[in-house]
Structures are given as C-alpha cells and as structure tokens.
Amino acid sequence: MQPAPPALQLAQRLRQLRQQWSDVRLTQEKLATAFSVEEKLAAATVSSWESLSTPKLPPRHRLLAYARFFATQRSVEAAPPTLLALEELTADEHAVYETLESELLTLRGAAAGDSAEEEIAFSRSWHFADTGRVTFVCAELPSEETGPLTDPTNPNYTELQAFADVDALMELHGHVRAENPKMLVHYKIPAEIDRDDLTGHLILLGGFVWNEITERLSEMARLPIRQFEHPELLTGEIFIADVNGNEKEFWPKWTDRERKVLEEDVGLLARVPNPLNSNRTLTICNGIHSRGVYGAVSSLTDASLRDANERYISTHFGTSESFAILMSVKVINNKAMTPDLGGRGVVLYQWSQRRAA
C-alpha cells in the first residue's frame, strides 16, 4: 500500500493532534481563537489545513504554534484554550515541543517538494540592502574607568580606550563592513552622534547606564524588555520582561557565592524599525555584563554557529517586523561562549511583532 502524500500526512497529523485529548472537545474554532492571540486566524483556515481532500500548507510560524500548543495539555485546562509562551513550558514540555516542531516542519518540507532535511531559507542579519549608513553607538567609559591613554594630549592617545564593549565592537564592526562593502560604517560615542546617524541603520552596543542614546531609543522602540539597576547586583543591570502581564527577572549565574567568577551572563539581541526612520533598522546588542553583550553579537558572527542561529531567527521571526531574544551566554575560563539559539535552555525569552497588514 502506497503511503499518503506528504501534504495529506500533515493534514492527518494536525487533525490527530487536535483530537488527541479524548476528555476535551477542541474544535477548529477554539483552536483558531487560541492561535489568534498572536495573529488573527479564522476557523476556516484551520479547516483548510486539516482537509483530507485538498489540504493547504500552513505557514511555518503556525506549525511552531501547533508544536507549542500541543506540547502540553495545560493549553486546554483553562477556558478558553490558551497558547502558552515558549518560556512557560517546563523542561519536559519543551522536549515534546522540539519533537513536534521537527516532525511538523519535516512534513511541511516534504509537502512543499523539498527533502526532509530541507534547508530553511534565511537572510543575513548584518546585510543591509539599501545604500544608507550604519552607525554603531557605543557607551563612553567614565573617566574613573579609563587610563591616561584616553587623554588626547597624551602622545600615545588611543581613541578606543574610552569605548565600552570594545571586544563586541571589533567583532561586529568587521563583519558589518564585510557584508556591506559600499556603505559608510561608523562607530561613535553618544556625544558624537548627529542627525544623519540617528536616521540611518543604528546598532546600539551595551546598556543604558553609560549610553543615554541606548536608553532613549530603547524606550521609543517599546520593547517588552527593560534593564533595571538592582541593589543586589552592583556589577550590571538585570533584565525584566513582560510575560503574560507579569514581570519576570533574568539574572546572571556565578560559580561561587561571593559572585567573583561569572558562570553565565544574559544577552539581548533585538531588531526593530528605527523609531526615527522606519525605513532603517535599530539593532540592540546588550547584556547584563560585557560577556552578555559579546554573546549577543557573536550569535550572528561566529562562523560555526551563525548560520544555524540565522535559521532559528528566520524560522521563528521570518514574517516579523520586530523581534527580541534574551539568551543565556555561558562563560568558560572567563571567555564568553557563542550561544546556540537552538540549544535547550539557551533562549530564555523571545518576543516578536508582525508587520501590519
């Protein structure tokens, strides 16, 4: 007996998932309502995906919602059914989610005419298609944090000695220049920024304590993530994110109780339209400490992981105008390791906003 065509197999699987909980009557309308929390969905569209005669292929992001919804029966414990956020899943539920995600995307790939190991198309995050300018905005270290080489009257004056997060700047600056050889690429401290810089592509490195432009533009971008100076952490600022109306704190981890050796930092990678020019982008690479900033940068520059991480972003945010990821940045031998966004527990929180129709 010949196996069913992949499109029909996917339709059958989606129908089976919806009907798998015998004690719950989950209609196509109820499922569509639950999914509409992120983007409006009609019951007729769900029906077309489950059709056993002429099934339609769901978009990738809808299959990720299926995987998330059916990873746990908690989705239907309340009335009406609820699509939980990815970070709300337990470790066991996240394992189910990953299995379903792989299964459904493989079926979709086969139905679309690709192989089961299809390569998800992805864009290069640091390539800009226009001919504008790119400006890095870096924090300027306070005078008590710098040495004599930051004094312009010193014969050995070194401009970058006054920049915070120089490791992250050097890692990313060369990459952006290579991706955009015909574009002007600058790096400046806040006091040097002019109007033309602010209306081009902006890349903000580091937190807001030493960088008022990062603070101001982050507020204008209206990200559901902010940084907060906590009296229990004197070396950096923790992240706080809005999770279903509740504030969740994200802290670094240490190898000792005295907090002298950093074990794990938290990095932020965010991309939104520039609030001062919607035709350009605003990218934020931030962290609780400098290791978090570097981890956010290297996630899309490290030769061994950047392609996989770009695929992760394309898969999860491909139709989004804005997105943000809080990620775990492991620190080994005092070196920040590049986050693998597809690894378990690496993505601590994620948010996206789709383009208006």
Side-chain angles (χ1 to χ4, degrees), residues 126 133-178 183-198 200-218 227-239 252 254-256 258-269 282-298 301-302 329-338:
W126 300 120
R133 66 169 62 193
V134 181
T135 304
F136 288 84
V137 185
C138 308
E140 182 178 14
L141 293 172
S143 57
E144 61 269 21
E145 298 286 342
T146 64
L149 297 187
T150 59
D151 182 354
T153 64
N154 189 311
N156 292 312
Y157 167 68
T158 305
E159 181 183 7
L160 288 180
Q161 289 270 350
F163 282 54
D165 298 298
V166 176
D167 288 352
L169 172 61
M170 290 298 96
E171 173 71 20
L172 187 52
H173 181 266
H175 199 84
V176 172
R177 285 288 304 274
M183 294 181 72
L184 294 173
V185 181
H186 305 279
Y187 53 83
K188 298 183 177 183
I189 57 176
E192 299 171 335
I193 297 298
D194 59 31
R195 180 184 299 179
D196 289 339
D197 297 322
L198 290 174
H201 293 288
L202 286 173
I203 301 174
L204 309 183
L205 292 182
F208 63 81
V209 172
W210 295 332
N211 193 339
E212 65 272 20
I213 289 181
T214 292
E215 181 179 15
R216 183 71 187 280
L217 289 177
S218 295
Q227 277 195 289
F228 177 71
E229 292 184 89
H230 198 286
E232 294 184 13
L233 185 66
L234 302 179
T235 54
E237 303 79 45
I238 66 170
F239 286 106
W254 309 83
T255 60
D256 56 3
E258 289 75 25
R259 295 182 176 179
K260 293 182 178 180
V261 180
L262 191 63
E263 178 183 5
E264 184 177 319
D265 205 1
V266 180
L268 167 65
L269 174 66
L282 169 66
T283 308
I284 301 173
C285 297
N286 201 352
I288 295 179
H289 302 97
S290 61
R291 269 56 171 258
V293 180
Y294 188 84
V297 164
S298 69
T301 61
D302 187 306
V329 180
K330 301 293 190 296
V331 179
I332 300 177
N333 291 335
N334 292 319
K335 295 184 181 296
M337 309 305 295
T338 300

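The first residue of the sequence shown is numbered 1, and numbering continues consecutively from there.
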If we only count heavy atoms from C-beta on, is the [X] to [Y] side-chain gap below 4.5 Å?
X: Ile203; Y: Val137; result: no
X: Leu262; Y: Pro252; result: yes
X: Val329; Y: Thr338; result: no
X: Leu204; Y: Leu282; result: yes

Other residues, nucleotides and ligands only: do more than 12 of their heavy atoms fall within 6.0 Å of CE on Met183?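 Yes, CE of Met183 has more than 12 neighbouring heavy atoms, counting only those of other groups under 6.0 Å.
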
Does any N or O in the side chain of [X] come within less than 3.5 Å of the main-chain N or O of [Y], such that one atom is a donor and the other an acceptor?
X: Asp197; Y: Asp194; value: yes
X: Gln227; Y: Glu237; value: yes
X: Asn333; Y: Lys335; value: no
X: Ser298; Y: Tyr294; value: yes
X: His289; Y: Arg291; value: no
X: Glu192; Y: Ile189; value: yes

Flag for Thr301-Glu171: side-chain donor and acceptor within less than 3.5 Å: yes

Establish, from distance only, whether the side-chain atoms of Thr135 and His201 form a donor-acceptor pair under 3.5 Å. no

Aromatic contact between His173 and Tyr187, with the criterion being ring centroids under 6.0 Å apart: yes or no? yes

Run Cys285 and Leu269 through side-chain contact (heavy atoms from CB on, under 4.5 Å) and show every step you take. CA-CA 5 Å; Cys285 297; Leu269 174 66; 4.0 Å; yes

Would you please test Leu141 and Gln161 for side-chain contact (heavy atoms from CB on, under 4.5 Å) and show each step? CA-CA 8 Å; Leu141 293 172; Gln161 289 270 350; over 6 Å; no

Can you name the nearest heavy-atom pair linking [X] to [Y], along with the distance?
X: Pro148; Y: Asn154; result: O-ND2, 3.4 Å
X: Phe163; Y: Cys138; result: CD2-CB, 3.7 Å
X: Val293; Y: Gly287; result: CG2-N, 3.4 Å

Distance check, rounded to the nearest 0.5 Å: Ile238 atom CD1 versus Ile288 atom CD1? 7.0 Å

Worked verdict on Val331 versus Glu263 for side-chain contact (heavy atoms from CB on, under 4.5 Å): CA-CA 5 Å; Val331 179; Glu263 178 183 5; 5.9 Å; no

Could you check Phe136 against Leu172 for side-chain contact (heavy atoms from CB on, under 4.5 Å), going step by step and ending with a plain yes or no? CA-CA 9 Å; Phe136 288 84; Leu172 187 52; 3.6 Å; yes

